[in-house]
Trainee: 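Handing you this structure, nothing more for now.
Letters A, B, ... are given to chains in the order of the sequence lines, protein chains preceding strands, and every chain is numbered from 1.
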There are 2 protein chains.
Amino acid sequence: MATGRTHRPATRSRGIPEATVARLPLYLRALTALSERSVPTVSSEELAAAAGVNSAKLRKDFSYLGSYGTRGVGYDVEYLVYQISRELGLTQDWPVVIVGIGNLGAALANYGGFASRGFRVAALIDADPAMAGKPVAGIPVQHTDELESIITDNGVSIGVIATPAGAAQQVCDRLVAAGVTSILNFAPTVLSVPEGVDVRKVDLSIELQILAFHEQRKAGEEAAAGTATAPAATARKDSATDQGPDGDVPAVMPA
Amino acid sequence: MATGRTHRPATRSRGIPEATVARLPLYLRALTALSERSVPTVSSEELAAAAGVNSAKLRKDFSYLGSYGTRGVGYDVEYLVYQISRELGLTQDWPVVIVGIGNLGAALANYGGFASRGFRVAALIDADPAMAGKPVAGIPVQHTDELESIITDNGVSIGVIATPAGAAQQVCDRLVAAGVTSILNFAPTVLSVPEGVDVRKVDLSIELQILAFHEQRKAGEEAAAGTATAPAATARKDSATDQGPDGDVPAVMPA
DNA sequence: CAATCTTTGTGCACGCGTTCACAAAGACAT
DNA sequence: ATGTCTTTGTGAACGCGTGCACAAAGATTG
C-alpha cells in the first residue's frame, strides 16, 4: 500500500499489538458495510474474507479486545462496531487541521472519509496569502500566521501536512509547539519530532517504487522461465485472505 | 503511516527481504539529496540519520544488495544511487495510468514525485463522459471505454485506482484483464486479484484512525498520571533514528 | 437432558525482522 | 612496512507476528 505506518518502537499500547491496531479500521469498515445491510451476526470466517485477512488472525485480534463473540454463532455486528469504534477512539470528536492547500490538500479537504468517522476538518491552512479567505470544500483557507491560534482555540491534536517537502519540517515544528501530538505526513521527507508525538507518513512515490521492484522481478522471472510457466499464472486467487495491510500497510507506514 | 503494503506472503524476492525493499526508496531519496549537494561519500551512520532508520539496519539492508561500501570510508553516493535505482527497476521507463480523475486523481496527476523517478503518466481515465478531452495536468482525460486499448497500446503494467469505492473492483478487474500486474489502490476497499498481481493500498481514513487510537491512549495516560509526568514530555527526540516505515508502513501496506 | 454440531478463543511452533556486538577490511599516518 | 583508527559486513540472540490445530463453550436438535 501507499501509506506507511510510523510511530515509536511499537510499545504495545495497553496490550494491543500494533499490527492488530492497524487492522481494526479494516474490520470496522467491513462491519459497517454489514451493519448497513442489517446483518445481525457474522462469523470470523465471513468477516475475515470481507476484510481480506486470515480468520485465525482476526480471532486473535479480537481476543485482545475481549471475548465479544459467541461460540457456535459468531459476532454481533452492532456490538462489535461499537467496541472497535470505542477502542479506536472514534466515539469522540477529533478536530483536524490540514496544512498546505495545494492539489493534494484540496483533495484531502474534499475527501469524505475524513468526516465519516469522528474526524472533523477544523481548518485549512496555507502559506500563500492569495489563498486566504478562498473557500475549499466549503471551508475558508486561513493563513499560516493563524496556525498557533487555530490549534489552540480548537483544541486540535491531529495535524495533516500536505505542503512541499521543503516546508514540512518547519510546519511540523510549529504544529508540535502549538500542541499537536499526532501528525499525518504527505510530504516526502523524514520528520523529526519530540518524544510522545506520533508521525505516520503517506508517500505515493515510495509505493510506486516498491511496485516497480516487484514488477521488474516478475518481468525477469518471465523472461527466464520462458513461455513454459505462463499458463500457470491464469489460476485465479479468489480468496482475498492473504492480502496484507501493512497496513501495510502500507502506502502508509510508521515514520 | 497512511500507506499499506500489500502483496503476496512475502516470498523473499531474490533474497531481498520485503522490509528491506520498502526502505530502499527512503535511502534513495536521502542519497539523491546528498548527490545534489555533491557529497562524494557517506557513512552508514550519517545516511541512516538522514533516512530516519537505525544504522545497523541500513548496513544489513545494503548487505543484501552486495558489498558496495568501503570500510573505514563509507559508501560512494553516486554509485549507491545507481545500484539502488537499478535494484528498484527505476532505470527503465514505467508508463502508469490513473483511473478516476476526481479531486484525488487530479492531485496525483499533478504530483511531481511521479515523473521524477522513471514513472510517466501515460493516461488519465474517467467514467464521466463530461470529463473526456478536458486536460488535467496537461494530459487530456480519456473515457473508460478506451481503458483496454490504452493499456495495450502503451504497454502499461502499473495502474493507479482513485475511483469511488464502489467502482474500484470493477476497474481493477478490467485493468488486470488488460494486462496490468501492479495496482496502487486509493479506494477504501479490499481488492480481489488473481495470483501474480501485486496490490498496494493507501487509505487515508485508516491512517487517521490509527493516529486516533494512539492519541486516545496518550490522553488516557495523561489523565491517569496527572500532571506529575507532564514535564517529562518536553525531552526532545532529536535522533530520528527510531522512526519506522511501514510503514507503517507506512500508510502503505500490503493488500 | 443428552448428543451433536458449529464456532470461538488460544497454546504452541515457526519464521521474519531488528538489534547488538564484534571481527575483518581497508584507509591513513608514521 | 607496520600500527592505528575508522567503518563496514555479519553471526547470533531476541522479540513480534502469523498460522495451525484443538480444546472449550454454547447453540441446537432429538
Trainee: In this structure, how many angstroms lie between the C1' atom of C/dT19 and the CD atom of B/E45, rounded?
Mentor: 13 Å
Trainee: Check whether any side-chain heavy atom of A/Y27 sits under 4.5 Å from a side-chain heavy atom of A/L80, and report yes or no.
Mentor: no
Trainee: With respect to the phosphate group of C/dT7, does any side-chain polar atom (N or O) of A/S44 fall under 4.0 Å of OP1 or OP2?
Mentor: no
Trainee: Quick one: A/Y75 OH to D/dG26 P, roughly how many Å, whole number?
Mentor: 14 Å
Trainee: Rounded to whole angstroms, how far apart are CG on B/D61 and C1' on C/dC16?
Mentor: 13 Å
Trainee: Between D/dG9, D/dG17, C/dG26, which nucleotide has the shortest distance from any of its atoms to the side chain of A/P17?
Mentor: D/dG17
Trainee: Could you check how far CZ of A/R59 sits from C1' of D/dT18, rounded to whole Å?
Mentor: 13 Å
Trainee: Please compare A/R71 and B/G74 by the position of their nearest nucleotide in DNA chain D and report the one closer to 5'.
Mentor: B/G74
Trainee: Separation of A/I16 atom CD1 from D/dG17 atom P, in whole Å?
Mentor: 12 Å
Trainee: Go through it in stages, so that I can follow the logic: the residues are A/Y75 and A/Y68, the test is ring-ring contact (aromatic ring centres under 6.0 Å, His included), and I'd like the CA-CA distance, side-chain angles, deciding distance and then a yes or no.
Mentor: CA-CA 7 Å; A/Y75 299 92; A/Y68 294 147; 8.6 Å; no
Trainee: Check whether any side-chain heavy atom of B/V176 lies under 4.5 Å from a side-chain heavy atom of B/I183, and answer yes or no.
Mentor: yes
Trainee: Do A/L104 and B/Y111 come within less than 4.5 Å of each other through their side chains, counting heavy atoms only?
Mentor: no
Trainee: Would you say the side chain of A/K60 and the base of D/dT18 hold a donor-acceptor pair, judged only by whether the two atoms sit under 3.5 Å apart?
Mentor: no
Trainee: Let me know the distance between CG of A/L47 and P of C/dT7, rounded to the nearest Å.
Mentor: 14 Å
Trainee: Tell me: NZ of B/K57 to P of D/dG11, nearest whole Å?
Mentor: 20 Å
Trainee: Atom CD of A/E18 and atom P of D/dG17: how far apart are they, to the nearest Å?
Mentor: 8 Å
